[in-house]
Peer 1: 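Structure in structure tokens, see below.
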Amino acid sequence: MMGNVLPALRSVLLGVGLAAAFAAAQAEAAEVPESDDPIVLAINEWTGQHITTHIAGHILKRMGYNVEFVTASYFPQFAAIKNGDIHASLEIWKGTGGGESFDEAVASGKAVDLGEVGLEEKQTWWYPLYVKEQCPGLPDWQALNDCAQIFAAPETHPKGRLVDWPLEWNSHNANRMEALGIAFVAVPAGSEGAIMTEVKSAAARQAPILAMLWSPHWIHAEVEGEWVELPAYEKACEEDPAWGMNPDQTWDCGWPTGWIKKIAWSGFADKWPAAYRFLDAYQISNGIQIGMMTAIDVEGQDVVAVTEQWVEDNQDVWQPWVDDAMAGN
């Protein structure tokens with residue numbers, strides 16, 4: 001008789017324990033959102049960042065939070081984050097110069113490092129692969145001077161033209177070309193879209209083009225190309241004219257490579273602790289981002305719809321981050 005009672009008693013106690021755990025989890029979840037105030041996420045100037053940010057925002061909304069997306073220029077956003085006007089920015093690239101602004105914001109105590117977001121970055125000068133036949137010696141950067149005129153535009157002739165990043169992205173390419181003695185003019189594009197339009201147009205005509213590009217980006221799946229090999233980056237290249245080949249100039253080197261991180265306002269964790277824990281855990285890969293970039297920039301689909309569909313189809317990817325965040329982990 002006792003042998004039958006003990007297993008039953010264990011089942012009852014186990015059921016009570018599970019029910020208590022479930023009730024505790026429900027109570028924890030019921031506390032979200034900890035504040036009805038909107039979580040303001042920065043939207044910067046390129047499609048990949050829009051994807052990273054909208055996915056996070058969609059998931060936060062599913063957790064019960066009020067979320068706002070606010071357009072913000074890349075470098076000015078750090079002041080807004082420190083002031084608490086923007087609560088998080090989810091794709092800061094060290095190699096673009098954002099690393100220094102990021103470090104300064106965190107060191108001020110008014111912003112918090114949320115760690116890397118999972119993307120692997122690269123940025124430098126790029127050309128379509130067919131250009132190697134027109135400019136022998138590439139990818140060595142020194143070959144560019146021998147071929148400068150084939151890259152020339154009416155406004156730069158006889159110098160070559162580099163299709164540069166928009167001005168507010170701070171590429172330093174004008175300084176870099178002067179320091180390296182390259183007979184090119186860096187001509188800023190109006191936007192990311194303008195750069196890609198020029199690249200695709202040149203590729204369709206098999207015309208020479210040199211552009212400032214980055215990865216991850218969908219264009220690399222559309223147009224096969226190579227990166228120019230510039231002198232390796234060192235921090236002294238930015239600051240010490242005695243470093244490198246030109247004793248009178250800084251910037252005679254390429255770009256640093258490194259992390260892509262998330263950053264948040266220092267008051268975020270206190271105001272929305274579960275949301276903070278989710279953003280701390282949140283990750284995205286190059287492959288995931290590039291697939292959605294293609295849908296948005298090549299196929300013309302809406303960024304909100306594309307990212308919402310990804311969230312709908314990939315709950316197994318993001319639900320563990322949410323579960324841990326809601327449980328206080």
Side-chain angles (χ1 to χ4, degrees), residues 10-43 49 51-70 72 77-78 80-92 102-103 105-119 259-285 288-289 307-329:
R10 289 192 194 99
S11 297
V12 170
L13 291 174
L14 178 60
V16 169
L18 290 173
F22 180 72
Q26 282 190 314
E28 178 75 20
E31 295 173 4
V32 173
E34 303 90 344
S35 169
D36 290 329
D37 290 345
I39 297 173
V40 179
L41 301 180
I43 295 291
Q49 198 272 353
I51 292 167
T52 299
T53 306
H54 276 91
I55 288 175
H58 294 324
I59 297 170
L60 286 170
K61 288 178 180 179
R62 291 185 180 217
M63 293 173 70
Y65 291 101
N66 182 13
V67 177
E68 288 185 6
F69 302 101
V70 174
Q77 73 181 328
F78 292 99
I81 291 168
K82 290 190 289 184
N83 292 336
D85 297 323
I86 291 175
H87 302 127
S89 185
L90 303 181
E91 201 173 301
I92 308 300
F102 181 100
D103 291 341
V106 172
S108 75
K110 297 178 181 179
V112 181
D113 182 347
L114 287 175
E116 297 190 31
V117 74
L119 297 168
W259 46 255
I260 302 176
K261 284 188 174 183
K262 305 162 285 184
I263 191 170
W265 168 55
S266 59
F268 198 125
D270 291 332
K271 190 165 185 176
W272 302 285
Y276 177 89
R277 291 189 292 266
F278 162 71
L279 289 180
D280 187 56
Y282 173 56
Q283 297 281 284
I284 188 170
S285 70
I288 289 172
Q289 198 183 78
T307 50
E308 178 62 49
Q309 189 62 54
W310 186 91
V311 170
E312 182 70 27
D313 294 342
N314 292 275
Q315 186 169 354
D316 59 322
V317 174
W318 55 263
Q319 190 64 51
W321 303 329
V322 171
D323 293 342
D324 286 347
M326 300 286 274
N329 298 330

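Since the structure is predicted, the reported quantities are computational estimates derived from the model, not experimental observations. Here, residue 1 is the first one in the sequence, and each next residue gets the next number.
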Peer 1: What is the distance from atom CD1 of I263 to atom CG of L279, rounded to the nearest 0.5 Å?
Peer 2: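 I263 atom CD1 to L279 atom CG measures 12.5 Å (nearest 0.5 Å).
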Peer 1: Would you please classify the geometry between the H58 ring and the F69 ring as parallel, tilted or perpendicular, with 30° and 60° separating the classes?
Peer 2: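 Correct class here is perpendicular.
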Peer 1: Is any side-chain heavy atom of L114 closer than 4.5 Å to a side-chain heavy atom of K261?
Peer 2: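 A side-chain contact is absent here, since even the closest heavy-atom pair is not under 4.5 Å.
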Peer 1: Please name the pair of heavy atoms, one in I81 and one in W265, separated by the smallest distance, quoted to 0.1 Å.
Peer 2: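 Heavy-atom minimum between the residues: O-CD1, 3.3 Å.
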Peer 1: Taking the side chain as every heavy atom from C-beta outward, state whether W272 and L60 have any atom pair closer than 4.5 Å.
Peer 2: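 Contact flag for W272/L60 side chains = no.
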Peer 1: Evaluate the side-chain contact (heavy atoms from CB on, under 4.5 Å) criterion for residues V117 and I260: first the C-alpha distance (whole Å), next the side-chain angles of each, then the deciding distance (0.1 Å), finally the verdict.
Peer 2: CA-CA 6 Å; V117 74; I260 302 176; 3.9 Å; yes
Peer 1: Of the non-hydrogen atoms in S266 and V112, which two are nearest, and what is the gap between them?
Peer 2: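 Of all heavy-atom pairs spanning S266 and V112, the closest is CA-CG2, 3.6 Å.
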Peer 1: Rounded to the nearest 0.5 Å, what separation is found between the CG atom of L90 and the OG1 atom of T53?
Peer 2: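 Reported to 0.5 Å precision, the distance equals 4.5 Å.
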Peer 1: What do you reckon, is NZ of K271 surrounded by more than 12 foreign heavy atoms closer than 6.0 Å?
Peer 2: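 Buried by this count: over 12 neighbours within 6.0 Å.
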Peer 1: Is the shortest side-chain heavy-atom distance between H54 and V311 below 4.5 Å?
Peer 2: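 Sidechains of V311 and H54: no contact.
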Peer 1: Under the 3.5 angstrom rule, does the side chain of E31 hit a backbone N or O of A274 as a donor-acceptor pair?
Peer 2: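 No.
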Peer 1: How long is the span from the CD1 atom in I55 to the CD atom in Q283, to the nearest 0.5 Å?
Peer 2: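 I55 atom CD1 to Q283 atom CD measures 12.5 Å (nearest 0.5 Å).
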Peer 1: Do you know which two heavy atoms are closest between K82 and S108, and how far apart they sit?
Peer 2: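 Residues K82 and S108, closest heavy atoms: CD-OG, 3.4 Å.
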Peer 1: Identify, with sequence neighbours excluded, every residue that meets side chain to side chain donor-acceptor pair (under 3.5 Å) alongside T52.
Peer 2: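 Partners of T52 under the side chain to side chain donor-acceptor pair (under 3.5 Å) test: E91, Q289.
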Peer 1: Report the distance from atom CG of N329 to atom CG of D280, rounding to the nearest 0.5 Å.
Peer 2: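 Here the interatomic distance stands at 12.0 Å.
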Peer 1: Not counting sequence neighbours, which residues clear side chain to side chain donor-acceptor pair (under 3.5 Å) with E34? List them please.
Peer 2: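 Counting only residues at least two positions away or on another chain, E34 forms a side chain to side chain donor-acceptor pair (under 3.5 Å) with Y65.
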Peer 1: In Å, rounded to the nearest 0.5 Å, how long is the span from CZ of F78 to CD1 of I92?
Peer 2: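 So the CZ of F78 and the CD1 of I92 are separated by 4.0 Å.
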Peer 1: Under the side chain to side chain donor-acceptor pair (under 3.5 Å) test, which residues partner E68, sequence neighbours left out?
Peer 2: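 With sequence neighbours excluded, E68 shows a side chain to side chain donor-acceptor pair (under 3.5 Å) to no residue whatsoever.
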Peer 1: Between K262 (side chain only) and Y282 (backbone N and O only), is there a donor and an acceptor less than 3.5 Å apart?
Peer 2: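 Yes, because the side chain of K262 sits within donor-acceptor range (under 3.5 Å) of the backbone of Y282.
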Peer 1: Which atom names give the shortest non-hydrogen contact between S89 and Q49, and what distance separates them?
Peer 2: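 Nearest pair, atom of S89 first, then Q49: OG-NE2, 4.1 Å.
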Peer 1: Aromatic rings W321 and F278: how do their planes relate, parallel, tilted or perpendicular, breaks at 30° and 60°?
Peer 2: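 Judged by the thresholds at 30° and 60°, the geometry between W321 and F278 is tilted.
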Peer 1: Between atom CZ of F268 and atom NE2 of H87, what is the distance when rounded to the nearest 0.5 Å?
Peer 2: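 The distance works out to 8.0 Å.
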Peer 1: Please determine if R277 and D324 form a salt bridge, counting it only when a charged side-chain N lies under 4.0 Å from a carboxylate O.
Peer 2: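 No, R277 and D324 are not salt-bridged.
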Peer 1: Any non-hydrogen side-chain atom of I284 less than 4.5 Å from a side-chain atom of I51?
Peer 2: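 Yes, at least one pair of side-chain atoms sits under 4.5 Å.
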Peer 1: Can you confirm whether D270 sits close enough to Y276 that some side-chain heavy atom of one is under 4.5 Å from a side-chain heavy atom of the other?
Peer 2: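 A side-chain contact under 4.5 Å is absent here.
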Peer 1: What is the minimum heavy-atom distance between I39 and A275, and which atoms define it?
Peer 2: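 Scanning both residues completely, I find the closest heavy atoms to be CD1-CB, 3.8 Å.
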